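Values below: every heavy atom of this structure, side chains too, minus hydrogens, waters and symmetry copies. These numbers were taken from a predicted model, which means no experiment stands behind them.
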Amino acid sequence: MDFIVKNSGQINIVFLHGWGADYQSFSWLKNYIKTCTLHFANLDGFGGQPAPTDPTVDGYAHRLKQYILDNNLNNVVLVGHSFGGRVAIQYASQNQVKGLVLVDAAGIKPKKSIKKSVKVLKYKLTKFLVKHKLVNNKKLQKYGSVDYKNADNLLKQVLVSAVNYDQSHLLIKITAKTLIFWGENDKDTPLYMAKKLHKNIKNSELVVLTGGHFSFADNPYQFYKVLEYFINNL
């Protein structure tokens, strides 16, 4: 896990990008937030960083904690998008932070539709047939998300570990003041997930933006102004 550090100030804002991205997801904010120290992560497996030996979400949170301890960071505000939101939830449920910002965050187990259930059953059947050499293993290639198909073997372990890990039970452990940004048309992490986060994180506010899973990029000015207000009032 590597960090690019910009600007300076007593508050340390740590930005955690989503799956398949890198520090550049949030690095544009260095031109606007100039009174805080900004730490832009390249999470393990992304931005030129090697895949982790511990592929779990807790492993990512542990390495984040090590960075914070090694650099003696105080007044930490975590900002996590999508997969980075998973890591932020994990860390904030185990450690004290000054503030938490979740942006279209993963971590809530999705509702299963009939279509999804049928697809899972078909996948399990195909996997069984491949194992017993009754069909060609190419049959499995049509299953799985684009992220999974594009990942190397180590990152596939990370993705499987993450998507099967429901963090709902951790939400009541988060005591930090929390700001939740969400795209109203987010298809990857639908809005009902944001509402569950808001309901179960006691000291939280929900801001619904136009756009989809990258709501902060769809509404950069609004995102920045609300984030700035949140930080100034911690």
- request: Treat each ILVMFWY residue as a node, draw an edge where side-chain heavy atoms are under 4.5 Å apart, and state whether Tyr224 and Val103 are in one component.
  value: yes
- request: Drop me the distance from Lys173's NZ to Thr175's OG1, to the nearest 0.5 angstrom.
  value: 12.0 Å
- request: Kindly determine whether Leu234 and Phe230 satisfy side-chain contact (heavy atoms from CB on, under 4.5 Å), including the steps that lead there.
  value: CA-CA 6 Å; Leu234 286 173; Phe230 174 76; 3.7 Å; yes
field: Val207 with Phe223, same ILVMFWY side-chain cluster at under 4.5 Å
entry: yes
query: Between Ile108 and Ser168, what is the shortest heavy-atom contact and its length?
result: CD1-OG, 3.7 Å
- request: With sequence neighbours left out, write down each residue that passes ring pair (Phe, Tyr, Trp, His ring centres under 6.0 Å) with His39, or none if nothing qualifies.
  value: Tyr67
query: Can you tell me if Ser204 uses its side chain to pair, donor with acceptor, with the backbone of Leu179 under 3.5 Å?
result: no
message: Under 4.5 Å between side-chain heavy atoms, counting indirect links through other Ile/Leu/Val/Met/Phe/Trp/Tyr residues: same cluster for Leu227 and Tyr23 or not?
response: yes
- request: Output the distance between atom NZ (Lys202) and atom CD1 (Ile172), rounded to the nearest 0.5 Å.
  value: 7.5 Å
- prompt: Can you tell me if Asn42 uses its side chain to pair, donor with acceptor, with the backbone of Gln49 under 3.5 Å?
  reply: no
- prompt: Between Leu78 and Ile33, is there a shared hydrophobic cluster once you connect ILVMFWY residues whose side-chain heavy atoms come closer than 4.5 Å?
  reply: no
message: Could you check whether any side-chain N or O of Asn71 sits under 3.5 Å from a backbone N or O of Leu73, counting only pairs where one atom can act as donor and the other as acceptor?
response: no
query: Which pair of non-hydrogen atoms, one from Lys177 and one from Asn233, has the smallest distance, and what is that distance?
result: NZ-O, 3.4 Å
message: Is there a side-chain contact between Lys195 and Trp182 in this structure, where contact means two heavy atoms from C-beta onward sitting under 4.5 Å apart?
response: no
Ring centroid separation Phe214 to His81 under 6.0 Å: yes
- line: Tightest non-hydrogen contact, residues Pro52 and Gly45, listed as CD-N, 4.5 Å
statement: In Tyr32, Phe40, Phe216, the residue satisfying ring pair (Phe, Tyr, Trp, His ring centres under 6.0 Å) with Phe26 is Phe216
- prompt: Quick one: does Leu29's side chain get under 4.5 Å of Phe15's, heavy atoms only?
  reply: yes
query: Cut-off 3.5 Å, side chains only: do Thr56 and Asp58 have a donor facing an acceptor?
result: no
- prompt: Taking side chain as C-beta onward, heavy atoms only, is Ile201 less than 4.5 Å from Leu102?
  reply: yes
query: Has the side chain of Asp44 got a donor or acceptor atom that lies under 3.5 Å from a matching backbone atom of Met1?
result: yes
message: Which residue is it: Leu100, Asn203, Leu197? I am looking for the one with a side-chain contact (heavy atoms from CB on, under 4.5 Å) to Thr178.
response: Leu100
- prompt: Taking only residues two or more places apart in sequence or in another chain, which ones pass side chain to side chain donor-acceptor pair (under 3.5 Å) with Gln222?
  reply: none
- prompt: Taking side chain as C-beta onward, heavy atoms only, is Asp218 less than 4.5 Å from Leu209?
  reply: no
query: Which atom names give the shortest non-hydrogen contact between Ala105 and Gly85, and what distance separates them?
result: CB-CA, 3.8 Å
Common cluster, Trp28/Val5, ILVMFWY with side-chain heavy-atom separation under 4.5 Å: no
- prompt: How close do Lys196 and Asn200 get, heavy atom to heavy atom, and via which atoms?
  reply: O-ND2, 2.8 Å
Which atom of His213 lies closest to which atom of Asp186, heavy atoms considered: ND1-OD2, 2.9 Å
From Gln167 atom CD to Lys109 atom NZ, the distance as rounded to the nearest 0.5 Å: 13.5 Å
task: Would you indicate whether the side-chain heavy atoms of Glu184 and Thr210 approach each other to under 4.5 Å?
output: yes
Over 12 foreign heavy atoms within 6.0 Å of NE2, His198: yes
statement: Here the gap from Glu228 atom CD to Lys225 atom NZ, rounded to the nearest 0.5 Å, amounts to 4.5 Å
message: Are the side chains of Asp54 and Arg63 in contact, using a 4.5 Å heavy-atom criterion?
response: yes
message: Are Gln90 and Tyr60 packed together at the side-chain level, in the sense that at least one heavy-atom pair is separated by less than 4.5 angstrom?
response: no
- request: Could you grab the distance from atom CG of Leu43 to atom CZ of Phe3, nearest 0.5 Å is fine?
  value: 7.0 Å
query: Say you draw a straight line from CD1 of Ile11 to CD1 of Ile231; how long is it, rounded to the nearest 0.5 Å?
result: 6.5 Å
Any Asp104 side-chain heavy atom under 4.5 Å of Ser82 side chain: no
query: With a 3.5 Å cut-off and no angle check, do the side chains of Ser27 and Lys6 form a donor-acceptor pair?
result: no
